[in-house]
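Proteins come first, then strands; the chains are lettered A, B, ... in the order of their sequence lines, and each starts at number 1. Computed over heavy atoms, backbone and side chain alike; hydrogens, waters and symmetry mates excluded.
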There are 2 protein chains.
Amino acid sequence: MLPEPLKVACASCNLRELCLPVGLHARDLAQLEGLVAKRRSVPRGEHLFRNGERFEALYAVRTGFFKTCVGSEDGRDQVTGFQMAGELLGLDGISSDHHHCDAVALEDSSVCVIPYDQLEDLSREFTVLQHSFHKIMSREIVRDHGVMLLLGNMRAEERLAAFLLNLTQRLQARGFSASSLVLRMTREEIGSYLGLKLETVSRTFSKFQEDGLMEVKQRQLRILDHEALQALVNDSHC
Amino acid sequence: MLPEPLKVACASCNLRELCLPVGLHARDLAQLEGLVAKRRSVPRGEHLFRNGERFEALYAVRTGFFKTCVGSEDGRDQVTGFQMAGELLGLDGISSDHHHCDAVALEDSSVCVIPYDQLEDLSREFTVLQHSFHKIMSREIVRDHGVMLLLGNMRAEERLAAFLLNLTQRLQARGFSASSLVLRMTREEIGSYLGLKLETVSRTFSKFQEDGLMEVKQRQLRILDHEALQALVNDSHC
DNA sequence: CGCTATGTTGACGGGATTCAAGGCTCGTGG
DNA sequence: CCACGAGCCTTGAATCCCGTCAACATAGCG
């Protein structure tokens, strides 16, 4: 592997089509040089930030995989999302200048640090950046509403099917296979995200395997029947 | 229907402390004159906008009460939120220039229309407005994560308790009583929001009444024991 | 090698849903 | 003014999906 690049540059980042700079042209991108000040690496299991900490920057995942979770006072814990390369972390912190969730690396990861006040400054200068940023926040809201639909209306099999389809779709957008993947999270974390207990997740995986929809060996997955999964999500409401 | 009101002015609106202009001073407010172009009234049961429609403006609730809901192709339907005076509708539309949910008035209502491109223009000029807007979007994300926690971890009683506490808190912020309220939505709509069936909502109301936590007569509520409700939400995880 | 975290599977119980019947409210029209 | 109907709400009984508890398997790591 090459030595760490000295300079961070969205212009030369292969995630620029997925990340904050979507829609910016070459000459606009040059203006972002100063925005993404530095990187930070987060070893597996470590926190990128914690609930209650002061909010100062957004983070764009560069490599690796994260989860975010909110917890109530009494120790309840809910995974609110999983983030992969090109996705933004920390948007919840804007509301009160403090983070409202924990962000934990599920594998050794690195992020680009985007100081928030600089982002506001720059987005006043560059309409395209401003609009991209707003779209990203809005997309997060839409995503959350989708999860609410899932948690409120679907049964265990449908939830897991929807989750897996979402995951493979995002992996595919990043150039990975749509059928073969390695889960970076535990059954318990999947369960927390989907509002299920880990045993139910495990059982549902086993059932999917019995039904020939996929091969499951621990965290190694091979999707055999995408359409059947899709049908599960759609045809359910019976 | 009445002729269109003459002039809309945030500066003279008694919702300005709750609505988009939070934090703006008198001289800044004057600049918003042009932003909130007009009002629109929405009779009970009518749509403010529908899923799929082109997104052009945000709406601030002026009077009345709304619900937003997303639906999947197969007719499943999930209420994603209830909005009262001072709250913003339509944020989900920014992501793709099309609305991603339906917004329906639950009583005769009126909204301020905020053309979105003008909001972007103005927020490039006024740092405070820009920041307020970002905070509002972020707050919506935080709220959604709270609902995910509720849907993923709580049992029926806790969900309804959390819902009622949230409702009374928002009503109180608007100068209403914290203990006496009229529900603007049906049991089915509450259930949809909370991931429960309407029968379960009804039964849980009855149980709360038996336990002396509140009086329930159809949609008329009187909260008798706020702290017991709060305890339900907190001490539950057992 | 043995410890710990994680994953699998079975048996059982419970909370919520489903199905069904009936009551309440309010608006409309006779 | 009152009857009537539609929408909304309440309540009961039966069912089922998922959670709980428990035992064991497997993987990763010092």
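Remark on the helix from dC1(C)-dG30(D) to dG30(C)-dC1(D): inter-end axis angle 30°, axes from five-pair C1' superpositions, rounded to 10°.
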List the atom pairs, donor and acceptor, that lie under 3.5 Å between side-chain atoms in residues 50-60 of chain B and the rest of the protein, sequence neighbours left out.
from, atom 1, to, atom 2, distance (Å)
R50(B), NH2, H47(B), ND1, 3.4
E53(B), OE1, R50(B), N, 3.4

Under 3.5 Å donor-acceptor pairs involving side-chain atoms of residues 209-221 of chain A, not counting sequence neighbours:
from, atom 1, to, atom 2, distance (Å)
Q209(A), OE1, V216(A), N, 2.8
D211(A), OD2, K207(A), NZ, 2.6

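The side-chain contact (heavy atoms from CB on, under 4.5 Å) search around E87(B) returns Q83(B), M84(B), R170(B), R174(B), not counting sequence neighbours. Checked against side chain to side chain donor-acceptor pair (under 3.5 Å), R184(A) has the following partners two or more places apart in sequence or in another chain: E107(A). In this structure D108(A) satisfies the side-chain contact (heavy atoms from CB on, under 4.5 Å) test together with P43(A), R44(A), sequence neighbours excluded.
Residue pairs satisfying the ring-ring contact (aromatic ring centres under 6.0 Å, His included) criterion with at least one member in residues 164-204 of chain B, sequence neighbours excluded, are listed as follows: F82(B)-Y193(B), F163(B)-Y193(B). For residues 190-204 of chain B, the set of pairs meeting the salt bridge (Lys or Arg N to Asp or Glu O under 4.0 Å) definition, not counting sequence neighbours, is empty. Applying the salt bridge (Lys or Arg N to Asp or Glu O under 4.0 Å) test to every pair with at least one member in residues 221-231 of chain A, sequence neighbours left out, gives no pairs at all. Sorted pairs that involve residues 207-230 of chain B and meet ring-ring contact (aromatic ring centres under 6.0 Å, His included), not counting sequence neighbours, are lacking altogether.
When side chains are defined from C-beta on, C101(A) counts as touching V70(A), because their heavy atoms get closer than 4.5 Å.
DNA chain C lies under 4.0 Å from at least one heavy atom of each of the following residues of residues 189-210 of chain A: L198(A), E199(A), S202(A), R203(A), S206(A). DNA chain D lies under 4.0 Å from at least one heavy atom of each of the following residues of residues 215-223 of chain B: Q218(B), R219(B).
Whole-Å rounding puts the N153(A) CG to dT17(C) C1' distance at 13 Å. Whole-Å rounding puts the E188(B) CD to dT10(D) C1' distance at 15 Å. With rounding to whole Å, R187(B) atom CZ is found 17 Å from dA16(C) atom P. Atom CG in L151(A) sits about 13 Å away from atom P in dC18(D), given to the nearest Å. Nucleotide dG19(D) holds its C1' atom 18 Å from the CE atom of M154(B), rounded to whole Å. For the pair M185(B) CE and dC9(D) P, the computed distance is 11 Å after rounding to whole Å. Rounded to whole Å, atom C1' of dA16(C) lies 14 Å from atom CD of E158(B). Here the P atom of nucleotide dG28(D) and the CD atom of E107(A) are 15 Å apart, to the nearest Å.
To the nearest 0.5 Å, the span separating OG1 on T200(A) from CZ on R187(A) amounts to 12.5 Å.
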